[in-house]
Amino acid sequence: MLDYASLEALAAVVREGSFERAAHKLHVTPSAISQRIKLLEERVGQVLVLRGQPCTGTEAGRRLCLHVEQVALLENDLRRKNPELVPDGQIVLPSLKLAVNADSLSTWFMDAMAAFMLDGTELLDISVDDQDHTAQRIRQGEVMAAVTATGSVIAGCNTWPLGRMRYVAVASADFIARHLPEGATPQALARAPMMCYGRKDSLQDQWLHSLGVDGRRNNARHFLPSNQGYTRACELGMGWGMHPDALIETQLTNGTLVELLPGNDLYIPMYWAHTRNAQASLQRLTDCVIHAAAAWLEPMDA
């Protein structure tokens, strides 16, 4: 049987990024943390923490951290249903590690979070990543659940379809006059500066591909990992980019952003996936996610 004091030390080191901060969090000395990690690594027969700045967990270490979080969820459920079994002084609020893409977090997922927190004490620890890469965070044991564009089977996980997010290609009127004077032709789009949220952002390339344009040949790219900053940069004429229509309704109405090719939209399917062995503990969150997505996203079969 695993020693839970050692598991808590491991989880604290991976979460805090250092032995010193983990020790401060658990109110013990750094040497005590180090000893607990050493004993745990000897017990399981493999390295669990990669020492560095910051300290990170190995694959086995991350999975043990996930186990600790799942145990905390189960204990929290027990406390809610049988409060007399867990004295108030021993209550530790569980933290749910989730991976969500920035556009979902800026729109519908906030409603899911708010609904979930109305009737619970769980804490949320959200990592922002591209929707094409959040599934990998689950596979690697970094998070318990994720919003993902991956509809394929993820080993050990349950997956629910949520709906499709509609993206439109837009730019400022000034940008269009300077870079697309003859209209958004394939040749002009292949040369025009584009906005990308980050290095993983492939939405612009996907849209261009749907038009028969190989966007990968265009090196005129700005990278700006901020939804508000990304939209503002497009308004100021830095480049064209793909935006969730729900985020730029005001800009489209007042004319600060203009659709490049109306009717040529990009639809990205969204799914909710979580580890199967945490299904009971995550059911309430899953219900909130599905309900919020239904109010914002378009049906999959639209």
Side-chain angles (χ1 to χ4, degrees), residues 2 4 6-18 21-22 25-26 37 40 48-50 54-77 79-80 91-106 108-117 120-150 154-160 162 200 225 270-290 292-293:
L2 295 172
Y4 276 86
S6 297
L7 286 173
E8 288 179 358
L10 170 65
V13 169
V14 173
R15 182 175 60 250
E16 301 296 328
S18 78
R21 287 196 293 272
K25 199 74 174 180
L26 297 181
I37 299 296
L40 187 58
L48 300 174
V49 176
L50 298 175
C55 292
T56 58
T58 63
E59 181 177 352
R62 292 193 298 269
R63 295 200 177 281
L64 284 175
C65 290
L66 203 61
H67 171 72
V68 173
E69 294 167 8
Q70 291 169 353
V71 170
L73 277 176
L74 290 172
E75 290 182 348
N76 190 60
D77 286 343
R79 181 184 64 80
R80 292 178 62 184
I91 294 175
V92 177
L93 298 181
S95 181
L96 305 180
K97 287 188 176 180
L98 313 175
V100 183
N101 63 305
D103 290 333
S104 290
L105 192 59
S106 296
W108 65 270
F109 199 79
M110 294 297 291
D111 289 354
M113 292 167 53
F116 178 66
M117 297 310 300
T121 57
E122 298 89 344
L123 305 175
L124 297 178
D125 183 354
I126 296 177
S127 299
V128 177
D129 204 344
D130 185 85
Q131 63 272 359
D132 291 324
H133 297 265
T134 49
Q136 187 63 20
R137 306 288 288 271
I138 298 182
R139 294 189 185 100
Q140 294 175 343
E142 296 179 20
V143 299
M144 199 175 298
V147 174
T148 175
T150 301
I154 303 174
C157 293
N158 290 333
T159 303
W160 287 264
L162 297 175
K200 298 177 181 178
M270 293 294 174
Y271 300 85
W272 173 248
H274 67 61
T275 53
R276 189 169 295 134
N277 54 6
Q279 178 170 344
S281 299
L282 290 176
Q283 188 59 54
R284 191 168 59 82
L285 176 58
T286 295
D287 292 340
C288 293
V289 167
I290 292 174

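Index from 1, following the sequence.
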Under the side chain to side chain contact (heavy atoms under 4.5 Å, CB included) criterion, do Leu162 and Ile290 qualify, and how do the steps go? CA-CA 6 Å; Leu162 297 175; Ile290 292 174; 4.1 Å; yes
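- Rounding to the nearest 0.5 angstrom, the gap separating the CD atom in Gln136 from the CG atom in Asp129 is 10.0 Å.
- If you take OG on Ser95 and CE on Met144, they are separated by 8.5 Å, rounding to the nearest 0.5 Å.
- For the pair Val147 and Trp272, the minimum side-chain heavy-atom distance is below 4.5 Å.
- Scanning all heavy atoms of the two residues, the minimum distance from Leu282 to Ala145 falls at CD1-CB, 4.4 Å.
- Sorted by first and then second residue, the salt bridge (Lys or Arg N to Asp or Glu O under 4.0 Å) pairs with a member in residues 281-290 read Glu122-Arg284; sequence neighbours excluded.
- A pairwise comparison of heavy atoms in Ser18 and Arg21 identifies OG-N, 3.0 Å as the closest pair.
- Using a 4.5 Å heavy-atom cutoff, the side chains of His274 and Asn158 are in contact.
- Taken to the nearest 0.5 Å, the CG atom of Asp125 stands 8.0 Å off from the CG atom of Leu98.
- The number of heavy atoms from other shown groups lying within 6.0 Å of CE (Met110) does not exceed 12.
- Between Glu8 and Leu26 the shortest heavy-atom distance is O-CD1, 3.9 Å.
- To the nearest 0.5 Å, atoms OG1 (Thr58) and CZ (Arg63) are separated by 10.5 Å.
- Shortest non-hydrogen contact noted between Ile37 and Ser6 is CD1-O, 4.4 Å.
- You'll find the side chain of Val143 reaches within 4.5 Å of the side chain of Ile138, heavy atoms only.
- Checked by atom type and distance alone, the side chain of Arg137 never pairs as donor or acceptor with a backbone atom of Glu142 at under 3.5 Å.
- Separating the CG atom in Asn101 from the OG atom in Ser106 is a distance of 9.0 Å, to the nearest 0.5 Å.
- No side-chain heavy atom of Arg62 sits under 4.5 Å from any side-chain heavy atom of Thr56.
- How far CG of Leu285 is from CE of Met117: 10.0 Å, rounded to the nearest 0.5 Å.
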Might you work through the side chain to side chain contact (heavy atoms under 4.5 Å, CB included) test for Val289 and Trp160, ending with a clear yes or no? CA-CA 10 Å; Val289 167; Trp160 287 264; over 6 Å; no
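- A side-chain contact (heavy atoms from CB on, under 4.5 Å) with Tyr271 is found for exactly one of Thr134, Thr148, Thr150, namely Thr148.
- Remark: Ala149 engages Gln131, Asp132, Ile268 in a side chain to side chain contact (heavy atoms under 4.5 Å, CB included) (not counting sequence neighbours).
- Shortest non-hydrogen contact noted between Ala112 and Ala292 is N-CB, 3.6 Å.
- Under the rule for a side chain to side chain contact (heavy atoms under 4.5 Å, CB included), the partners of Val14 that lie at least two apart in sequence or sit in another chain are Leu10, Cys65.
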